[in-house]
Amino acid sequence: MLLVKFLRDNKEEAKSGLRKRGFTENDLNLIDEVIDIDDRRKKIQFELDGVLSNIKSLSADIGTLYKTGKVPEANSKKAEVATFKTESERLQRDLKMAQDDLFERLLNIPNIPHNSVPSGTTEEDNEIHRNWTQELPILDASAKPHWELAEEFDIIDFPLGVKITGAGFPVFKGKGARLQRGLINFFLDRATSAGYLEIIPPLVVNEDSARGTGQIPDKEGQMYHIEKDELYLIPTAEVPVTNIYRDVILKESDFPIKMTGYTPCFRREAGAYGKDVRGLNRVHQFDKVEIVQIEHPDNSYDTLMSMLDHVQGLLKELELPYRILKLCGGDLGSASAITYDFEVYSAAQRKWLEVSSVSNFETYQSNRLKLRYKGSDQKNHLAHTLNGSALALARIVAALLENNQTSEGIRIPKAIVPYVGFDLLN
RNA sequence: GGAAGAGUGGCAGAGCUGGUUGAAUGCACCGGUCUUGAAAACCGGCGUGCGGGAAACCGUACCGGGGGUUCGAAUCCCUCCUCUUCCGCCA
């Protein structure tokens, strides 16, 4: 959520930013509406404070009058309070309405894209930030997609997942499970040696947390909801990990805060059936190691670049062809100011698969989280939050299986051999 | 799941027979005096949101969350949440 003050002070900048997301001139009226409502809110607040102040001092008078036995005077003051009271109740209702109205509209305004974000409406408009410089691997005609390889080597069982749970819940077995576990450890080790604090968070969160990082209301339908207990299965570790700092006021010397966490991620993917859902391409439960940073606004873009480097380093070690896209305005998540997607090339499918998404949310999340720091001016300011996948597993496994298939079996990249305990999967 | 008790500022801990209590006191923290330096001692400062103001500062709200009683509530009532102890169950 953006601050009204920001919209007020940077109206034109906000508008041109939202145009990149495909906002029409008509949509942009929202900004002026918000400012108008906020003006009304301020006015009501001012009046209400005055009325409350009167009630307060009259009540104090009544107290002393009673103490000195002046009951009739006290009673007449009580009558006076009654009229103020009616007025304060009215103003309180008005204030609540203005606040709710304001909040509602503010929720519908996405983050303002960073200056460098290209405008555009679809993924076609995404900009290639860094491209794989080598030739893409070309497999011969007999090459198999990962779901066939998985069945052949009996390492991932899709029908079994259907039996136990439903579509999109694969079962990893034997060397498949071992590969999965090895990759998780590999990613966590790389993150912790880069200075991230390892966290094992709850996999289920309450409504406040889901709201804090913006899953509610933006992506509510994406989460599994446990209605009986009003809890949500996490769609990413970002939610519980970032919420560690909900309602916190940091010192400037606390920056940067770096955390990493491995969790399974649960996504309903409602409406995604039919397209790109084969095998591991899109599943309801997958494993992911996430990196999260909380930064001073002055440093958050340097930090973003260091996170990009971190993720790139992982892909290099995995020897996978990758490319980095800078998302265009229309493809950007609503909370994000800038997002870089990492895709790996899955050679048998001849498809690019998204395996990481690294974003700077600037103050959009911290505003809802009430995550602040005390600046050198002794005032509180919103911190910047950033996060990225490092990395999302299911699709990495898909690319690994496809790209590394040989007549003897699946070759395991050197960097992770120590983690999985074998160099050939057969 | 059942019973009892408790939730106050960064922490500890008063207040809780309703009335200048946003809240005593101690610790921590920040600034200053003193000191070669440090410690100690002493002096001063020290919550958050909203609104007004150029600012100093002022108004208002907040004592787990929400609601109620009252002219007035941290203090009384209802409800929810959390924690502690005891019983039950259990990896």
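Quick note on labels: first sequence line is chain A, next is B, and so on, each numbered from 1. This is a predicted model, so every value here is computed, not measured.
- Nucleotides B:rG31 and B:rA24 are separated by 24 Å at their C1' atoms, to the nearest Å.
- A donor-acceptor pair shorter than 3.5 Å can be found between the side chains of A:Asp287 and A:Gln180.
- Looking only at atom types and distance, the side chain of A:Glu295 has a donor-acceptor partner in the side chain of A:Thr303 under 3.5 Å away.
- Distance check on atom P: B:rC77 versus B:rG19 gives 16 Å, rounded to whole Å.
- Across the P atoms, B:rG5 and B:rA23 are found 32 Å apart, a figure rounded to whole Å.
- Comparing B:rU48, B:rC50, B:rG52 by their closest approach to the side chain of A:Gln45 singles out B:rC50.
- Between A:Ile249 and A:Lys43, the one whose closest nucleotide on RNA chain B sits nearer the 5' end is A:Ile249.
- Residues A:Glu402 and A:Ser346 bring a donor and an acceptor atom of their side chains to less than 3.5 Å of each other.
- The gap from the P atom of B:rU60 to that of B:rU79 amounts to 33 Å, rounded to the nearest Å.
- In this structure, A:His284 and A:Tyr224 have perpendicular ring planes: the angle between them is above 60°, well past the 30° mark.
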Pairs under 3.5 Å (Watson-Crick or G-U), crossing ones as [ ], inter-strand ones as |: RNA chain B comes out as ((((((((.[[[..)...(.....]]].(((((.......))))).((((((....)))))).[[[[[..)....]]]]])))))))....
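- Residues from residues 368-382 of chain A with heavy atoms under 4.0 angstrom of RNA chain B, sorted by number: A:Arg372, A:Lys374, A:Asn380.
- Geometrically, A:Lys175 does not engage A:Phe153 in a cation-pi contact, judged by NZ or CZ lying under 6.0 Å from the ring centre and within 45° of the ring axis.
- Scored by the ring pair (Phe, Tyr, Trp, His ring centres under 6.0 Å) test, A:Tyr196 finds A:His310 as partners (sequence neighbours excluded).
- Remark: the A:Gln365 side chain and the A:His384 side chain contain no N/O donor-acceptor pair separated by less than 3.5 Å.
- When all heavy atoms of A:Ile37 and A:Ala98 are compared, the closest pair comes out as CG2-O, 3.6 Å.
- Residues from residues 72-89 of chain A that place a heavy atom under 4.0 Å from any atom of RNA chain B, listed by number: A:Lys78, A:Val81, A:Lys85.
- Nearest heavy atoms, A:Lys374 versus A:Glu252: O-CG, 3.5 Å.
- Using a 4.0 Å cut-off, some side-chain N or O of A:Arg41 falls inside it from OP1 or OP2 of B:rG51.
- Across B:rG52 and B:rC63, the matching P atoms stand 24 Å from one another, rounded to whole Å.
- B:rG9 and B:rU48 have their P atoms separated by 14 Å, with the value rounded to a whole Å.
- Between B:rC83 and B:rC27, the two P atoms lie 32 Å apart (nearest whole Å).
- Rounded to whole Å, the C1' atom of B:rA28 lies 22 Å from the corresponding atom of B:rG15.
- Put simply, CG on A:Asp229 is 16 Å from P on B:rC80, counting in whole angstrom units.
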(request) Begin with the C-alpha distance, continue with both residues' side-chain angles, and end with the deciding distance and a verdict on side chain to side chain contact (heavy atoms under 4.5 Å, CB included) for A:Lys96 and A:Arg93. (result) CA-CA 5 Å; A:Lys96 176 94 168 49; A:Arg93 274 195 304 275; 5.7 Å; no
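- Sorted by first and then second residue, the salt bridge (Lys or Arg N to Asp or Glu O under 4.0 Å) pairs involving residues 155-172 of chain A (not counting sequence neighbours) are A:Asp157-A:Lys173.
- Each of A:Thr260, A:Thr263, A:Ile244 was compared with A:Ile199 under the side chain to side chain contact (heavy atoms under 4.5 Å, CB included) criterion, and only A:Ile244 meets it.
- As a whole-Å value, the separation of A:Asn206 CG from B:rG64 C1' is 14 Å.
- Contacts between residues 48-61 of chain A and RNA chain B, defined by a heavy-atom separation below 4.0 Å, involve A:Asp49, A:Leu52, A:Ser53, A:Lys56, A:Ser59, listed by number.
- In this structure, A:Phe255 and A:Tyr373 have perpendicular ring planes: the angle between them is above 60°, well past the 30° mark.
- The side chain of A:Phe46 lies closest to B:rG51 when the candidates are B:rC71, B:rU48, B:rG51.
- Defined by atom type and a distance below 3.5 Å, a donor-acceptor pair is present between the side-chain atoms of A:Ser357 and A:Asp341.
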